[in-house]
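Reading through the structure tokens given below for one structure.
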Amino acid sequence: MSGKLVSGMLLFVAIIAGALLYYLQVYGYYRIVEDTKNIDVKLVSSLSQKPVGIDYSAFRAIDSNSSPIRYRACFETEINLEQLSDNYVAASRVIPRNAPNWFDCFDAEQIAAALASDSARVFLGQKNIHFGVDRVVAITSDGRGYIWHELNDCGRKSYDGTVIGETCPQRSK
């Protein structure tokens, strides 16, 4: 076999492998989440400390079984920020994670800019939706909402190898 033929075959295999890897990371593992009214958009109540559903519309979401932090969602709500701040638990300032480009309603840079300018606020949606992962909900002053998953203290400790301790819930098998 000539060197050109071997080089050509190696290049062909590398291109196919690269294209497959790109497809799997950007499209392959994601699935569309169906809207199940009053279940998908929840915020933790200041009174009960439990997640409760809020009114919303125009819900779109994606998720992946390959990672607990790949969930992204967009929605709209008529509830104003003052009512939300009075009734629901605020989350610490977090930076939204990027979504795939094809999920165009979720723009992490735009959400981060709204949070930085105080035209949006972040609320706790659900604590430990997966072990060490909280669901957070950002809502803008014009009623657009965004949901993503964020590692909490237990999750950060678990993934960096630090001893988890007694304050974290038991990890389900």
Side-chain angles (χ1 to χ4, degrees), residues 25-26 29-33 35 38-56 58-165 167-169 171-172:
Q25 287 301 309
V26 176
Y29 291 110
Y30 285 101
R31 65 178 170 74
I32 302 296
V33 175
D35 183 7
N38 292 329
I39 295 177
D40 294 307
V41 182
K42 293 182 178 181
L43 300 176
V44 173
S45 168
S46 298
L47 298 175
S48 70
Q49 298 299 307
K50 294 189 187 314
V52 294
I54 64 168
D55 289 332
Y56 64 91
F59 181 81
R60 291 178 56 199
I62 57 174
D63 198 3
S64 171
N65 289 335
S66 66
S67 171
I69 59 172
R70 282 192 164 194
Y71 184 88
R72 306 287 185 282
C74 306
F75 65 94
E76 295 174 4
T77 186
E78 299 291 323
I79 307 170
N80 67 47
L81 285 179
E82 288 71 33
Q83 286 177 294
L84 292 166
S85 296
D86 290 343
N87 296 313
Y88 300 103
V89 174
S92 59
R93 291 269 180 183
V94 293
I95 299 170
R97 300 176 185 284
N98 290 328
N101 289 337
W102 56 267
F103 191 64
D104 57 0
C105 71
F106 194 99
D107 183 346
E109 289 179 13
Q110 183 180 26
I111 299 165
L115 292 171
S117 70
D118 282 334
S119 63
R121 295 188 191 142
V122 181
F123 301 93
L124 183 59
Q126 186 173 342
K127 191 89 171 133
N128 286 307
I129 194 147
H130 299 283
F131 177 81
V133 178
D134 295 340
R135 181 170 283 182
V136 293
V137 180
I139 300 177
T140 64
S141 56
D142 63 356
R144 289 175 292 131
Y146 307 95
I147 306 171
W148 69 94
H149 290 174
E150 195 69 44
L151 290 177
N152 58 29
D153 289 336
C154 295
R156 281 189 289 281
K157 288 178 184 177
S158 176
Y159 292 111
D160 75 6
T162 306
V163 175
I164 295 175
T167 59
C168 295
R171 187 175 211 149
S172 61

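Just so it is clear, the structure is predicted and the values come from calculations on it, not from any experiment.
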Of all heavy-atom pairs between [X] and [Y], which one has the smallest distance, and what is that distance?
{"X": "T77", "Y": "D55", "value": "OG1-O, 2.8 Å"}
{"X": "N98", "Y": "A108", "value": "OD1-CB, 3.3 Å"}
{"X": "N128", "Y": "D134", "value": "N-OD1, 2.8 Å"}
{"X": "Y146", "Y": "C105", "value": "CE2-O, 3.3 Å"}
{"X": "T140", "Y": "A114", "value": "CG2-CB, 4.4 Å"}
{"X": "I147", "Y": "D40", "value": "CD1-O, 3.9 Å"}

Please determine whether the number of non-hydrogen atoms from other residues, nucleotides or ligands lying under 6.0 Å from atom [atom1] of [X] exceeds 12.
{"X": "Y29", "atom1": "OH", "value": "no"}
{"X": "E109", "atom1": "CD", "value": "no"}
{"X": "E78", "atom1": "CD", "value": "no"}

Do [X] and [Y] have side chains that approach each other closer than 4.5 Å (heavy atoms only, starting at C-beta)?
{"X": "F131", "Y": "P68", "value": "no"}
{"X": "W102", "Y": "Y30", "value": "yes"}
{"X": "K127", "Y": "N152", "value": "yes"}
{"X": "D35", "Y": "Y56", "value": "yes"}

* Asked: If only atom types and distance count, is the side chain of R72 paired as donor or acceptor with the main-chain N or O of R97 below 3.5 Å?
  ->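 Checking the backbone N and O of R97 against the side chain of R72, a donor-acceptor pair under 3.5 Å is found.
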* Distance-only, no hydrogens or angles: does the R121 side chain make a donor-acceptor pair with backbone N or O of S85 under 3.5 Å? ->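 Checked: no pair found.
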* Asked: Got a sec, which residues hit salt bridge (Lys or Arg N to Asp or Glu O under 4.0 Å) with D86, two or more places apart in sequence or on another chain?
  ->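 D86: no salt bridge (Lys or Arg N to Asp or Glu O under 4.0 Å) contacts found.
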* **side-chain hydrogen bond (donor to acceptor under 3.5 Å, both in side chains) partner of R135, chosen from E150, H149, H130** =>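 That would be H149.
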* D104/R60 salt bridge by N-O under 4.0 Å criterion ->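 D104 and R60: salt-bridged.
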* Would you give the length of the straight line joining atom CD1 of I62 to atom CZ of R31, rounded to the nearest 0.5 angstrom? =>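 Rounded to the nearest 0.5 Å, the CD1-CZ separation comes to 10.5 Å.
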* To do: Sort out for me which residue in F75, Y88, W148 forms a side-chain contact (heavy atoms from CB on, under 4.5 Å) with V137.
  =>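 The single option meeting the side-chain contact (heavy atoms from CB on, under 4.5 Å) with V137 is F75.
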